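For reference, the structure discussed in these notes is given below.
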Amino acid sequence: MGLGTTAARGSAITLGGQWVKFLIQFTSIAVLARVLSPDDFGKMAMVMAVVGAATVIGDFGLSLASVQASEISESQRSNLFWINTAIGLLLTLLVFAAAPLFDRFYDVDGLSDIVRAVSVIFVLNGLTVQLRADLTRNLKFVKLTVTEIAAQGIALAVTIPLALLHYGVWSLVAQQIIVSTVLLGSSALLLRWIPNRPTRNADMRSLLSFGTNTMLTQLVTYSSANADSVALGKLHGSTEVGVYDRAYQLFKIPIAQLATPMTRVALPVLSRIADPAVYMAYLVRAQTVLCYVMLGAFAYAAAVAYPLMDLVLGSGWDAAAPIFRILAVGGAFQALSYIYYWVFLSTGRVDVHLRYSLVGRGLMIVAVCVGAIFGSLGTAIGSSVGFVAVWLIYSFVAIPRIGIGTGPLVRSAVRPMMLFGAMFGVASLSLTLFQQVPSFVALALAGMVCVAFVGVVALTSKSVRSDLNALVDTCRKVVG
């Protein structure tokens with residue numbers, strides 16, 4: 001089977017599973033927002049914003065190191081498993097011991113108990129990392145998708161009854177632990193691999209070097225993505241964080257639905273392409289798909305922010321709508337940056353990725369912390385400014401440093417940026433005519449306006465029409 005066919009089939013399986021997970025995530029957000037309070041979500045977000053960094057450290061970049069490597073021996077696989085397990089266990093012990101510091105930092109009682117409970121996640125994740133890396137390396141996309149759906153579905157089936165029984169934030173704690181437990185159990189059951197004892201004979205230097213650079217980059221990225229919850233929690237308390245967190249979780253859905261799963265398919269495929277022309281053609285095609293789908297989704301979501309928040313979250317969450325709209329604008333640039341992430345990983349130039357992530361993400365952290373002084377809206381603006389800065393730095397400074405021309409990639413992004421920027425304006429204007437209709441009707445009418453606008457532009461622009469034909473052709477390959 002050729003790499004193109006493998007990528008297409010892998011995309012079909014992965015994206016199909018993503019729609020199932022989307023329904024689970026959407027149900028979780030919609031139901032729990034009507035049962036739990038902003039304070040519950042805020043406390044959980046404040047804890048996970050800090051201790052979640054331990055998940056990144058626990059992986060240590062070794063999952064991507066094993067996926068990216070051209071060859072990997074059985075002894076290397078086993079060593080990686082034991083390294084991740086040892087790191088996970090150590091992090092569980094450290095986080096458990098550090099729990100009292102959370103109460104003091106945020107000046108909120110009860111956070112330490114939550115921290116102790118979630119600390120078990122890190123040893124569970126440490127045991128899981130290489131199991132899922134092995135499934136990814138061997139392109140076992142069906143098994144990967146099944147385990148993720150099972151984990152989220154089972155966790156939600158337990159979380160909703162707990163929330164209805166007034167367990168509050170503890171229902172969210174249970175959700176996190178159940179997801180990690182089911183992922184471990186299902187991955188081990190499907191892979192049926194027993195690691196050997198650790199050995200000193202395996203060459204681990206290149207894997208650990210790649211992993212260290214990747215882990216540091218991911219840690220910088222994680223810090224910039226979670227500085228908002230930490231800063232808001234410190235300055236404004238858990239309720240403000242809870243409202244912001246609900247908007248942020250909804251904002252993340254388009255990325256989770258397409259960009260993240262495409263990375264799972266793209267990385268092992270790109271790592272195997274030796275011809276530079278074929279490599280660039282694959283990148284441009286992938287960039288076109290990402291731009292038209294992701295930018296379209298974010299433009300529509302930003303336009304319909306107010307009826308969307310009303311429909312999904314219900315009453316009491318009005319402040320989430322403007323936060324969501326601002327984040328959606330920044331999310332478009334976050335989506336554009338994913339193609340560069342693939343380039344860094346597939347070429348092994350994680351050192352360059354780390355160097356310029358420190359610059360771009362550092363600017364984002366500064367912008368978020370300054371914005372947090374002015375509350376959740378200021379924080380959202382800081383995040384979006386940071387996403388734009390990261391994209392600009394990657395496009396015009398970082399990627400050229402590794403010998404990859406960004407001209408074709410930037411040009412392939414310009415048309416959809418202009419198209420969906422105009423679509424956002426038209427859709428936002430049309431919503432002023434639908435203010436008195438129910439939220440779901442407003443969403444549908446705005447959607448029809450967006451489809452009609454894109455259709456008219458496609459009829460009058462040969463370039464846009466060509467891009468859409470390429471998108472349809474890619475979809476056909478995925479479905480076929």
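Not measured: the values here are computed from a predicted model. Positions are given from 1, in the same order as the sequence printed here.
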(request) May I ask you to say whether K143 pairs ionically with E148, meaning some side-chain N is under 4.0 Å from a carboxylate O? (result)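 No, this pair does not count.
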(message) Check this for me: does any side-chain nitrogen of one of D351 and R349 sit under 4.0 Å from a carboxylate oxygen of the other?
(response)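 Yes, charged N to carboxylate O under 4.0 Å.
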Between atom [atom1] of [X] and atom [atom2] of [Y], what is the distance when rounded to the nearest 0.5 Å?
X: R132; Y: L127; atom1: CZ; atom2: CG; answer: 13.5 Å
X: Y248; Y: N226; atom1: OH; atom2: CG; answer: 6.5 Å
X: Q152; Y: L23; atom1: CD; atom2: CG; answer: 11.0 Å
X: L216; Y: S357; atom1: CG; atom2: OG; answer: 10.5 Å
X: L36; Y: H166; atom1: CG; atom2: NE2; answer: 10.5 Å
X: L172; Y: K43; atom1: CG; atom2: NZ; answer: 11.5 Å

Does any N or O in the side chain of [X] come within less than 3.5 Å of the main-chain N or O of [Y], such that one atom is a donor and the other an acceptor?
X: S28; Y: I24; result: no
X: N79; Y: T199; result: yes
X: Y106; Y: L111; result: no
X: S78; Y: P198; result: no
X: R192; Y: A188; result: no
X: D40; Y: S37; result: yes
X: S180; Y: I177; result: no
X: S171; Y: Y167; result: no
X: S384; Y: I326; result: yes
X: S395; Y: W391; result: yes

(message) Going by side chain to side chain donor-acceptor pair (under 3.5 Å), name the pairs with one or both residues in residues 308-334, residues two or more places apart or in two chains.
(response)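 Sorted pair list: D310-S439.
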List the atom of [X], the atom of [Y], and the distance in Å for their closest heavy-atom pair.
X: P38; Y: V243; answer: CB-CG2, 4.2 Å
X: A302; Y: F324; answer: N-CE2, 4.4 Å
X: L336; Y: Q287; answer: O-OE1, 4.1 Å
X: L162; Y: A174; answer: CD1-CB, 3.7 Å
X: F122; Y: T92; answer: CB-OG1, 3.6 Å
X: F96; Y: S119; answer: CD1-OG, 3.7 Å

(request) Would you please test M46 and V230 for side-chain contact (heavy atoms from CB on, under 4.5 Å) and show each step? (result) CA-CA 6 Å; M46 287 158 64; V230 175; over 6 Å; no
Hey, are the side chains of [X] and [Y] touching, using non-hydrogen atoms and a 4.5 Å cut-off?
X: L327; Y: Y244; answer: yes
X: I381; Y: F374; answer: no
X: S223; Y: I365; answer: yes
X: L94; Y: L90; answer: yes
X: L191; Y: L135; answer: yes
X: T217; Y: V350; answer: no
X: L250; Y: M309; answer: yes
X: L184; Y: L131; answer: yes

(request) Apply the test side-chain contact (heavy atoms from CB on, under 4.5 Å) to residues I399 and F344: give CA-CA distance (whole Å), side-chain angles for both, the deciding distance (0.1 Å), then the verdict. (result) CA-CA 8 Å; I399 292 297; F344 289 128; 3.6 Å; yes
(request) For D245 and Q249, test the side chains for any donor-to-acceptor distance below 3.5 angstrom and give the result as yes or no. (result)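 A donor-acceptor contact under 3.5 Å links the two side chains.
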(message) Quick one about W193 and E74 (side-chain donor to acceptor, distance below 3.5 Å, no hydrogens or angles considered), yes or no?
(response)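 Present: a donor and an acceptor within the cut-off.
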Does NZ or CZ of [X] lie under 6.0 Å from the centre of the six-membered ring of [Y], at an angle within 45° of the ring axis?
X: K234; Y: F105; value: yes
X: R401; Y: Y356; value: no
X: R197; Y: W82; value: no

(request) Classify the angle between the aromatic ring planes of F251 and F298 as parallel (below 30°), tilted (30 to 60°) or perpendicular (above 60°). (result)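 Rings of F251 and F298: tilted, as their planes differ by 30° to 60°.
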(message) Atom OH of residue position Y222 - does it have more than 12 heavy atoms of other residues, nucleotides or ligands inside 6.0 Å?
(response)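 Atom OH in Y222 is crowded, with more than 12 foreign heavy atoms closer than 6.0 Å.
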(request) Can you establish whether the number of heavy atoms outside Y279 located under 6.0 Å from its atom OH is more than 12? (result)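 Yes, the 6.0 Å shell around OH holds more than 12 heavy atoms from other groups.
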(request) For E240 and S376, run side-chain contact (heavy atoms from CB on, under 4.5 Å): C-alpha distance rounded to whole Å, both residues' side-chain angles, the deciding distance at 0.1 Å, then the answer. (result) CA-CA 7 Å; E240 184 99 359; S376 52; 3.2 Å; yes
(message) Just checking Y394 against Y341, ring centres under 6.0 Å apart?
(response)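 Between Y394 and Y341, the centre distance exceeds or equals 6.0 Å.
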(request) Using the salt bridge (Lys or Arg N to Asp or Glu O under 4.0 Å) rule, collect all pairs that involve residues 111-122, keeping only residues at least two apart or in two chains. (result)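 Matches after skipping sequence neighbours: D113-R116.
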(request) List in chain and number order the residues that pass side chain to side chain contact (heavy atoms under 4.5 Å, CB included) with A372, two or more places apart in sequence or in another chain; answer none if no residue qualifies. (result)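 Residues passing side chain to side chain contact (heavy atoms under 4.5 Å, CB included) with A372: A231, L235, T379.
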(request) For the pair I402 and V343, evaluate side-chain contact (heavy atoms from CB on, under 4.5 Å) and give the outcome as yes or no after the intermediate values. (result) CA-CA 9 Å; I402 62 176; V343 172; 3.6 Å; yes
